[in-house]
Amino acid sequence: MEVDKDLKQFLKKIMAFANKTGIAYRTGNIYGGLAGFWDFGPIGVEIKNRIKDAWWNEFVRNRDDIVGYEGAIITHPKVWEASGHLSSFTDPLIFCEGKCKKKHRLDHLLEDQLKIQTEHLNLEEMGELVSKEGLVCPECGGNLGKPITFNLMFNTQVGPVKDSASVAYLRPENAQLIFSGFRNVIDSTRVKMPFGIAQSGIVFRNEISPRNFLFRVREYELMEFEYFTDPQKTNDCPLFHEVAGTKINVFSRKEQIEQTSEEYLSMSIQEAWENEFFKNKWQAYWLATFNNWFTDKMGINGKKLRFRQHLESELSHYALDTWDIEYHYKFGWKELMGCANRTQYDLKQHQKYSKAKLHFNETDETGVKRYIPYVVAEPSVGLGRILLTVIADGYQEETVKDRKRVVLKIHPNLAPYDVAVFPLQKKPQILAKAQEIFKFLRANGLTVNFDENGSIGKRYRRHDEIGTPFCVTVDFETLEDENITIRNRDSMEQTRVHIEMLIEELKKLGNNYLAAKMI
RNA sequence: GCGCCGAUAGUCCAGCCUGGUAAGACUCCUGUCUGCCACACAGGUGACCUGGGUUCAAAUCCCGGUCGGCGCACCA
């Protein structure tokens, strides 16, 4: 298929580009690599940290209604029992030892062939049934091997004694730390409904086959928050007017099933809400808010984003409704972010399993109200996926004077360096002046790179590749009149300003970035 | 996890069929020159994924493993 070919070539190119420029490398590369795990290089870690800071600033520091949290990576095993991750995600599997070598879900196989319920059976009993009934592979008629269990959670042993009581799990999502720590937060802070608890952290999923560079990996940083409301007030969203006019692309379950639209319908979030696409108003609010964050703060092209509703069959065990924000890559639409309506499911489960009281008390004119909070929305996004999307969206190849120019047109606030400083020549006076400006910019809080190597053109191109928005060049005239050249990454235009105006001018040019991008 | 295909410098790639220890381009480093968009001159660093086997000799042939691509399955 053509799409597959494009996918392969595009990701291959991005992967080679990331490796070349120091964004990301295969982990343990000198030993051949390890599937599903990646290291971030000097450039990648800068971009990544800036994305993460932007997220935390936007959704925690600059908001009155969200607080931060950081749970342990190795988590109490009971947490995953209560959440349903242990039972829902342990699948009994059996392999064909005949011709086809296919893997089958053992429980489904027994249900299909023997017409029995398997819920009460353990792995051993199911295995015995296979040999007793002489079951064979439904595909090729070959013999079936020994059954195994597979769970997407990584586990480990805590302490020196290896027994079943010492098994613990590496978290597959941050959410459960927030739910199991919920009581602590409401008891130790003075949060008022509605509010959110946010966490950014590394999670682990033992994916069967990690694929597509940073897209499907086994270890990644997940940035998510749970937004809680009174279950009676899931549509009571006083902030909605702030985003009401946001233009969005909607691809709901109806469009997907009935194929009334091939890709999406365009409308405002207000119209989408009025047309009852969403089950609660807060979820609509948060989807629109993230849409705007992706375009305004991440510099991602809004025309390439759409909201896709999960089909019934895709929903996770805890979700009433889930919407993904997808990005249109050169190889098709792919999930960038998920936003689930988790209802009261998780808090109720933890209350049941732990016997802790996880309700919230609220006092108003009518008296004291007590309820289990309702998670209207869980915006959950992988940092690596944003990084990949920012790079894929920003990566441009242009032809300048018959030669290829590679430019990473990313938002200036995400660039690994704010500015690069070049001496036009390696003459001592110019070098000294350039060093002076370099230190001056750094003292003013900018991330600066000094580059004196090779020709001036090469230096511009090198910084184009890693997305440095501005280069400042010091020449002979600078020594006379203190004027320097600022060169713009995207337009390659040069402006001449006095050193005293430099910082102001850089800020101005940076602020013009989005406006310029729209043209 | 199965099947098919692949893996040679930082990058792109030649060589593999027909065994004799590797070429080119770009990048990178040094020096000279030039002096605002990778293009001058000279020199230099740098590679056969890994472990076995066959052979006098393996990048090359054979087997296992790792990683990657695609397909199947899986994907909270």
Side-chain angles (χ1 to χ4, degrees), chain A residues 1 3-5 7-9 11-13 15-22 25-37 41 80 83-91 93-105 139-140 145 148 150-153 172-173 175-176 203 205-213 215-218 310 314-319 322 335 338 340 342 378 380 400-407 422-427 430 453-465 471-477 484-489 492-494 496:
Chain A
M1 269 164 67
V3 170
D4 291 333
K5 209 175 156 190
L7 163 79
K8 188 178 165 182
Q9 293 197 336
L11 273 182
K12 218 180 153 186
K13 182 186 273 188
M15 212 187 297
F17 173 75
N19 194 52
K20 183 189 172 193
T21 51
Y25 321 106
R26 284 197 302 174
T27 196
N29 194 42
I30 58 170
Y31 296 107
L34 190 59
F37 300 93
W80 306 108
S83 72
H85 285 78
L86 257 183
S87 56
S88 291
F89 305 109
T90 305
D91 296 332
L93 301 175
I94 196 158
F95 291 91
C96 167
E97 291 183 338
K99 271 184 204 157
C100 73
K101 309 279 182 205
K102 278 192 176 158
K103 179 180 66 181
H104 304 281
R105 280 281 295 268
E139 288 288 324
C140 70
I148 58 153
F150 181 76
N151 189 290
L152 253 55
M153 287 195 289
E173 63 169 13
Q176 294 309 327
V203 300
R205 298 180 185 188
N206 197 3
E207 298 284 352
I208 296 173
S209 53
R211 294 261 163 113
N212 298 340
F213 190 34
F215 225 90
R216 172 110 51 102
V217 291
R218 290 182 166 131
H310 277 206
E314 288 178 85
L315 287 176
S316 21
H317 66 287
Y318 52 69
T322 298
E335 178 191 348
R342 293 182 80 135
E378 175 203 56
S380 174
V400 176
K401 292 184 184 165
D402 293 330
R403 289 179 68 95
K404 190 168 90 173
R405 179 173 93 113
V406 173
V407 203
F422 308 151
L424 187 60
Q425 275 192 25
K426 278 191 194 173
K427 296 278 191 279
I430 296 184
N453 199 283
S455 73
I456 190 81
K458 278 187 182 181
R459 287 178 251 166
Y460 284 143
R461 290 293 190 275
R462 267 202 293 264
H463 278 276
D464 287 342
E465 265 195 346
C471 298
V472 165
T473 300
V474 174
D475 58 28
F476 291 107
E477 285 169 37
I484 44 82
T485 305
I486 300 176
R487 182 265 195 185
N488 189 300
R489 174 194 71 196
M492 302 200 292
E493 276 167 12
Q494 302 187 342
R496 193 92 182 145

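Just so it is clear, the structure is predicted and the values come from calculations on it, not from any experiment. A note on names: the letters A, B, ... follow the listed sequences, proteins ahead of strands, and every chain is numbered from 1.
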Proximity to the side chain of Arg216(A) - top-ranked nucleotide from C74(B), A76(B), C37(B)
C74(B)
From C39(B), C37(B), C36(B), pick the nucleotide closest to the side chain of Arg487(A)?
C37(B)
Restricting to salt bridge (charged side-chain N to carboxylate O under 4.0 Å, His left out), what partner residues turn up for [X], sequence neighbours left out?
{"X": "Arg218(A)", "value": "none"}
{"X": "Lys404(A)", "value": "Glu397(A)"}
{"X": "Lys20(A)", "value": "Glu465(A)"}
{"X": "Arg459(A)", "value": "none"}

Sorted by chain and number, sequence neighbours left out, side-chain contact (heavy atoms from CB on, under 4.5 Å) with Thr27(A) holds for Leu34(A), Phe37(A), Asp39(A)
Partner set under side-chain contact (heavy atoms from CB on, under 4.5 Å) for Leu315(A), not counting sequence neighbours
Arg253(A), His310(A), Ala319(A), Thr322(A)
Take atom [atom1] in [N] and the same atom in [M], then report the distance between them in whole Å.
{"N": "A57(B)", "M": "U21(B)", "atom1": "C1'", "result": "9 Å"}
{"N": "G6(B)", "M": "A22(B)", "atom1": "P", "result": "25 Å"}
{"N": "U60(B)", "M": "U54(B)", "atom1": "P", "result": "15 Å"}

Distances under 3.5 Å between protein N/O atoms and the N/O atoms of nucleotides 30-33 of chain B, please, pair by pair.
residue, atom, partner, partner atom, Å
U30(B), OP2, Asn453(A), ND2, 3.3

pair_partner(A7(B)), Watson-Crick or wobble, both distances < 3.5 Å, evaluates to U66(B)
Between the protein and nucleotides 9-14 of chain B, which nitrogen or oxygen pairs come in under 3.5 angstrom?
residue, atom, partner, partner atom, Å
U11(B), OP1, Asn19(A), ND2, 3.2

Do any N or O atoms of the protein come closer than 3.5 Å to N or O atoms of nucleotides 41-49 of chain B, and which pairs are they?
none

Value in whole Å for how far the C1' atom of A76(B) lies from OH of Tyr318(A):
5 Å
Restricting to side chain to side chain donor-acceptor pair (under 3.5 Å), what partner residues turn up for Asn19(A), sequence neighbours left out?
none
Taking side chain to side chain donor-acceptor pair (under 3.5 Å) as the test, write out the residues that go with Arg461(A), two or more places apart.
none
Only counting residues at least two apart or in another chain, list the ones meeting ring pair (Phe, Tyr, Trp, His ring centres under 6.0 Å) with Tyr460(A).
Phe422(A)
Side-chain donor/acceptor of Arg205(A) to backbone N/O of Leu152(A), under 3.5 Å:
no
Ignoring hydrogens and angles, tell me if any N or O in the side chain of His317(A) forms a donor-acceptor pair with the backbone of Ser83(A) under 3.5 Å.
yes
